[in-house]
Every structure is written in C-alpha cells, then in structure tokens.
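Working notes, structure below.
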Amino acid sequence: MAQWQVFRAGVQVHPLGFVPTMGALHRGHLSLLEASKERNAFTVVSVFINPKQFDDNGDFVAYPVDCQKDLEQLEKASADVVLLPDARQIYADDYRFKVTESEFSQQLCGAHRPGHFDGVLTVVMRLLNLVQPDNAYFGEKDYQQLQLIRNMVAAFFMPVNIVACATVREADGLAMSSRNQRLDARQRKKAAVLYAALKQSKSAEQARATLQQQGFEVEYVEDIADRRLAATRLGNTRLIDNVQL
Ligand code: PAF
C-alpha cells in the first residue's frame, strides 16, 4: 500500500469524499458516489471484497464479482480515483490487529454472524486511514453497520465526517443489494414483501408473522428506537432491510 500512500500524499484537495464498496455496484452505490461528488472536490471509491466480514465461506464464494463492469460504471459516473487493493495488501499483518466492539455488534446481525462486525470495522478503519477522507459515505440499508462505524469514528477520535445516505429501492420497494442478483425469479418477486411487511405492520411481531407466512426464514425483526430492522433469508440469500417508524 506504500505506493497508494505516496499517491495520496500528493492529493492536496479538500474536501475529499470516500465511498467504500465491495463491488457488484448498483444504483445504491452510485447514489453514494453522487452524494460525495456533490459535496467534495475529489472522490475516491474503493472496491474490495473484504474476506474478514464473511462469517460463511459459501456466502463469500458466491458473492458477485464483476470488476470490469464496476470500473466502467465508476468511470461513467466520474469517480476521480478507484482504490482496488487485494487481501494481502490490506491484511499484511494476517489480521492480527482488529477492531472489536463488544455490545451493539453482538446484537441483531452480529448475533447471527459471528465476527462480521469485527471484519467490517477493521476494514473500514484501515480504508479510512489509507484514504484520509474529509467525508465518508455509507448507505442506511446497513443500518447497524452505519451506527457502529459512527461510534468507532467517535471512539477513536478519527477526523472524518460519516454521511448517511437513504436506501435506494427497486420500483416494488426491494432495497438494492448486490445479493439480489442471487434471487431466482420467484424469490425476486417475493422479496418485495420484506419492505412492505416492515412498513405496514403494526408491530415487529406482526411483521415477523407476515414474513414467515410468506416463506421467509426470519433471523430477527426488532424495533430499536425509531427504527424497525430485519434480517431474513429466501433460500440461500440473506436479505436485510430497515424502515423509520
Ligand atoms: O457496506 C459494505 O459494502 C461493506 O460492509 C463495506 C462498508 C464496504 C466494508 O467492507
């Protein structure tokens, strides 16, 4: 990463925006890039499928990869620079050093995906240190991730502003996600029920019951403060979403 650090030291532009991604870009990612371009003089996008945040190797292996298409989209959307590191560069220490949060990261998605948020926080810390942005952009779809990143940045006095961007949805309400590509036609149709159930149910319990009736395997539906959050599975595909109450 030394080469990158030399390059970064030469970029004396402010404000600098950063959009970290795991590739397989869709309109949700592009909305983060647009938000960054609106407010920053220079935008860096990273594409790195972080192996350390997959608790399930099958999910890692099946994660969609299309680097060529990602780069074409980023060029078209005028990203200034794309950072494409590989795992040996990011984890030259063999992941001996990591960021661990011991409370909120154990709940919701963390309760079902051991080690997931350690992987997320560790890679985000490393990427923020490499890119040194003024502003970094994250989607509200991964709501728990967003809160944990905000908390980490505050806890470690990191000089970056975390900007949350609204979830981008398909016409039927399904939140955009790279994993949606893995749904077959029947599952894709059904997937729209997730958002509708979260929004329309009177309680988390009612949303859970609707989802189960419709054939979703429900990991959790919980109301926390002003948010209703859920994680479900349709076949082998894990779908998460959240709405404001
Ligand atoms: O939200 C994601 O795509 C990832 O969790 C992130 C923030 C890029 C870290 O790998």
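Nothing fancy with the numbering, it's 1 onward along the sequence.
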Just one of Val45, Val131, Val47 clears the side-chain contact (heavy atoms from CB on, under 4.5 Å) bar with Leu83, so which one? Val131
For Gln68, what residues pass the side-chain contact (heavy atoms from CB on, under 4.5 Å) criterion, not counting sequence neighbours? Asp66, Glu72
Measuring from Phe42:CZ to Leu16:CG, what's the distance to the nearest 0.5 Å? 6.5 Å
Shortest non-hydrogen pair, Ile90 vs Leu127, comes out as CD1-CD2, 4.1 Å
Mark yes or no for whether Gln73, through its side chain, and Leu25, through its backbone, hold a donor-acceptor pair below 3.5 Å. yes
Okay, side chain of Asn242, backbone of Glu140: is any donor-acceptor separation there less than 3.5 Å? yes
Tell me whether the rings of Phe54 and Tyr63 are parallel (<30°), tilted (30 to 60°) or perpendicular (>60°). perpendicular
With a 6.0 Å cut-off (strictly less than), is the heavy-atom count around CZ of Arg233, excluding the residue itself, greater than 12? yes
Where Ala35 and Cys165 come nearest, the two heavy atoms and their spacing: CB-SG, 3.9 Å
Counting neighbours of CG on Asn129 that are heavy atoms of other residues, nucleotides or ligands and sit closer than 6.0 Å, is the number greater than 12? yes
Name the one of Lys52, Arg126, Arg88 that satisfies salt bridge (Lys or Arg N to Asp or Glu O under 4.0 Å) with Asp93? Arg126
Which heavy-atom pair separates Glu101 from Asp118 by the least distance, and what is that distance? N-OD1, 4.1 Å
Closest approach of Ile49 and Met22, non-hydrogen atoms and distance? CG1-O, 3.4 Å
Please identify each residue that fulfils ring-ring contact (aromatic ring centres under 6.0 Å, His included) with Tyr95, with sequence neighbours left out. Tyr91
Looking only at heavy atoms, what is the nearest atom pair of Arg238 and Cys109, with distance? NH2-SG, 3.5 Å
Kindly say whether Asn135 contributes a backbone atom to a donor-acceptor pair with the side chain of Asn161 at under 3.5 angstrom? no
Which residues satisfy the side-chain contact (heavy atoms from CB on, under 4.5 Å) test with Asp142, sequence neighbours excluded? Gln145, Ile240
Would you say Thr232's side chain and Leu239's backbone share a donor-acceptor pair under 3.5 angstrom? yes
